[in-house]
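Report on the structure given below.
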Amino acid sequence: MGNKKVYRLGLIPGDGIGPEIIREGTKVLEAAANRFGFSFHHTEFDFSGERYLKTGQLVTDEDIGKLRQLDAIYLGAVGDPRVPPGILEKGVLLKIRFDLDQYINLRPVKLYPGVATPLKDKGPQEINYVVVRENTEGAYCGVGGVFKKGTPEEIATQMDINTRHGVERCLRYAFNLCRKRNEKKTVTVVDKANVLTYSGDLWRRTAQEVAREFPEIKLDFAFVDATCMWMVKNPEWFDVVVTNNMFGDIITDLAAITQGGLGIAAGANINPEGVSMFEPIHGSAPKYAGKNVACPLATIAAGAMLLESLGEFQASQTVEKAIIKATSEGYIKSLEAGKMGLSTSEVGDLLARFVKEI
Ligand code: IPM
Ligand code: MN
């Protein structure tokens with residue numbers, strides 16, 4: 001047993017319900033590690049609204065240096081109502097995404113059996129696609145400024161930066177993923193090329209060039225407004241959706257509701273050549289903090305993505321099977337906080353047991 005693989009895992013519990021759900025997520029990861037013969041070495045980071053209010057510190061360059069040494073990062077949630085909007089988002093979450101060059105935000109939209117969707121006549125067959133969101137540029141780049149602030153002539157600019165390099169690597173990731181999924185073999189580029197003609201043209205031209213390397217894959221284009229409609233009306237049309245940072249942010253909240261809500265929707269911030277970070281896509285939900293009522297399944301599903309990124313495929317699939325067992329066999333009444341019929345820690349215990357026994 002001397003050569004058992006040890007992964008260096010960074011934990012960022014964060015704010016609100018973050019610590020509770022990361023505790024359960026870690027429990028399930030440990031169960032998977034025990035069963036499949038590897039282990040985790042944990043390093044905890046206290047980035048949070050709490051730390052900011054006490055010390056004024058966000059994520060420092062020294063912290064980033066430590067994060068670079070890890071194999072993966074597991075994040076709960078950052079967000080504190082006592083801190084003005086933008087500070088923690090930019091200083092913690094976006095700082096890590098940008099500095100570690102996690103240029104893909106991967107958000108599977110998968111309705112698990114037994115989970116209720118608000119979409120009429122749609123089931124797990126119809127709701128099964130992934131959104132590949134560009135994660136390091138676009139409107140999130142922080143370029144812009146303000147002039148004559150506070151006067152009637154105030155001007156605010158917020159640039160939407162699209163680089164050939166950034167767009168191309170995101171598209172190539174989407175095509176490769178589509179090939180690997182081997183499902184509908186369709187990549188849908190979502191944009192607003194009828195109005196945002198410069199960036200739209202860059203995305204579309206680049207997509208057509210990259211598509212030549214993937215002759216078996218169909219390339220589709222869709223406008224973001226129409227996409228919102230189709231995600232509700234015909235989600236079965238989608239396989240791999242790829243889009244810029246801002247559109248990806250917006251459509252994945254809509255997508256999350258179609259897969260059963262924020263209680264189950266997971267995401268990964270991926271640097272295929274570096275350190276990736278896995279998180280539930282819900283926020284810190286301060287009103288449920290400390291009550292042991294939040295649903296940890298989104299965090300546990302993010303854990304399955306984390307295992308896959310480490311190459312622990314069996315462990316990842318087993319965690320996913322455990323989630324499906326819990327949702328499809330009536331163990332959990334609802335994915336809404338406080339309505340699960342179980343506490344946060346009971347759901348974690350249940351999933352850890354399934355991972356051991358399945
Ligand atoms: C998300 C969140 C973040 C984003 C916020 C908290 C900065 O909404 O991960 O989707 O906009 O990317
Ligand atoms: Mn969002």
Side-chain angles (χ1 to χ4, degrees), residues 12-18 21-22 25 45 47-52 58-59 72-110 129-144 158-162 166 170 190 224 227-228 231 241-271 275-289 294 298-299 301-303 305-306:
I12 309 177
D15 295 305
I17 58 170
I21 55 174
I22 281 295
F45 297 85
F47 315 140
S48 59
E50 194 65 43
R51 159 164 133 164
Y52 174 71
L58 294 158
V59 174
I73 305 168
Y74 205 19
L75 169 80
V78 236
D80 186 317
R82 296 168 299 174
V83 180
I87 294 180
L88 296 172
E89 290 84 346
K90 284 191 176 179
V92 180
L93 188 60
L94 299 182
K95 166 112 178 138
I96 297 173
R97 286 179 183 171
F98 282 44
D99 282 13
L100 296 184
D101 203 21
Q102 295 165 338
Y103 61 87
I104 298 298
N105 195 321
L106 183 65
R107 297 188 163 177
V109 186
K110 192 168 183 178
Y129 58 97
V130 293
V131 177
V132 175
R133 164 186 175 190
E134 200 292 320
N135 209 33
T136 48
E137 47 184 51
Y140 278 67
C141 65
V143 177
Q158 195 94 49
M159 302 271 271
D160 175 14
I161 302 281
N162 296 263
C170 179
V190 168
V224 64
T227 300
C228 290
M231 280 168 52
V241 169
V242 56
T243 191
N244 72 28
N245 209 340
M246 179 60 85
F247 294 156
D249 176 48
I250 297 168
I251 68 173
T252 52
D253 265 30
L254 172 59
I257 286 301
T258 68
Q259 72 180 109
L262 294 172
I264 191 118
N269 302 276
I270 299 176
N271 177 341
V275 185
S276 300
M277 175 165 73
F278 301 82
E279 55 171 338
I281 83 166
H282 60 66
S284 57
K287 70 175 173 186
Y288 298 122
T299 306
M305 297 178 83
L306 186 155

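Keep in mind that this is a model prediction, so the values were computed, not measured. Counting starts at 1 for both ligands and their atoms, following the listed order.
- For the ring pair (Phe, Tyr, Trp, His ring centres under 6.0 Å) test, residues two or more places apart in sequence or in another chain that qualify with Phe47 are Phe45.
- Residue contact check: Arg133 has heavy atoms under 4.0 Å from atoms 1 (C), 4 (C), 10 (O), 11 (O), 12 (O) of ligand 1.
- Counting heavy atoms under 4.0 Å from ligand 1, residue Met246 does not touch it at all.
- Among all protein heavy atoms, the one lying closest to atom 3 (C) of ligand 1 is Leu93 CD2, 4.0 Å.
- Taking every heavy atom of both residues into account, Gly79 and Ser284 meet most closely at O-OG, 2.8 Å.
- Looking at Asn105, its side chain never comes within 3.5 Å of a backbone N or O of Asn135 through a donor-acceptor pair.
- Taking only nitrogen or oxygen atoms, main chain and side chain alike, Glu279 does not reach within less than 3.5 Å of ligand 1.
- Distances shorter than 2.8 Å separate the Mn ion (ligand 2) from the protein N/O/S atoms Asp249 OD1.
- Legend: residues meeting side chain to side chain contact (heavy atoms under 4.5 Å, CB included) with Ser48, ordered by chain and number and at least two apart, are Asp15, Glu50, Arg51.
- Nearest protein heavy-atom neighbour of atom 8 (O) of ligand 1: Asp249 OD1, 3.3 Å.
- Between the side chain of Ser276 and the backbone N or O of Asn271, at least one donor-acceptor pair lies under 3.5 Å.
- By the criterion of a heavy-atom distance under 4.0 Å, neither the backbone nor the side chain of His282 is placed next to ligand 1.
- When only interatomic distances are considered, the shortest N/O to N/O separation between Asn105 and ligand 1 does not fall below 3.5 Å.
- Under the 3.5 Å distance criterion, the side-chain polar atoms of Asn269 are left unmatched by any main-chain donor or acceptor of Arg97.
- The main-chain N or O of Gly261 is never found under 3.5 Å from a side-chain atom of Gln259 such that the two would form a donor-acceptor pair.
- Checked against Val190 for a side chain to side chain contact (heavy atoms under 4.5 Å, CB included), the options Asn244, Val131, Val224 give a single hit: Val224.
- When the ring pair (Phe, Tyr, Trp, His ring centres under 6.0 Å) test is applied to Phe278, no partner is found at least two apart in sequence or on another chain.
- For Leu75 against Glu279, the heavy-atom pair with the smallest separation is CD2-OE1, 3.3 Å.
- Looking at atom 11 (O) of ligand 1, its nearest protein heavy atom turns out to be Tyr140 OH, 2.6 Å.
- Where the criterion is an N or O separation shorter than 3.5 Å, residue side chain and backbone included, Glu89 fails it with respect to ligand 1.
- Less than 4.0 angstrom separates some heavy atom of Arg97 from each of these atoms of ligand 1: 1 (C), 4 (C), 9 (O), 12 (O).
- Nearest protein neighbour of atom 1 (C) of ligand 1, counting heavy atoms only, is Arg107 NH2, 3.3 Å.
- A side-chain donor-acceptor contact under 3.5 Å links Asn245 to the backbone of Glu137.
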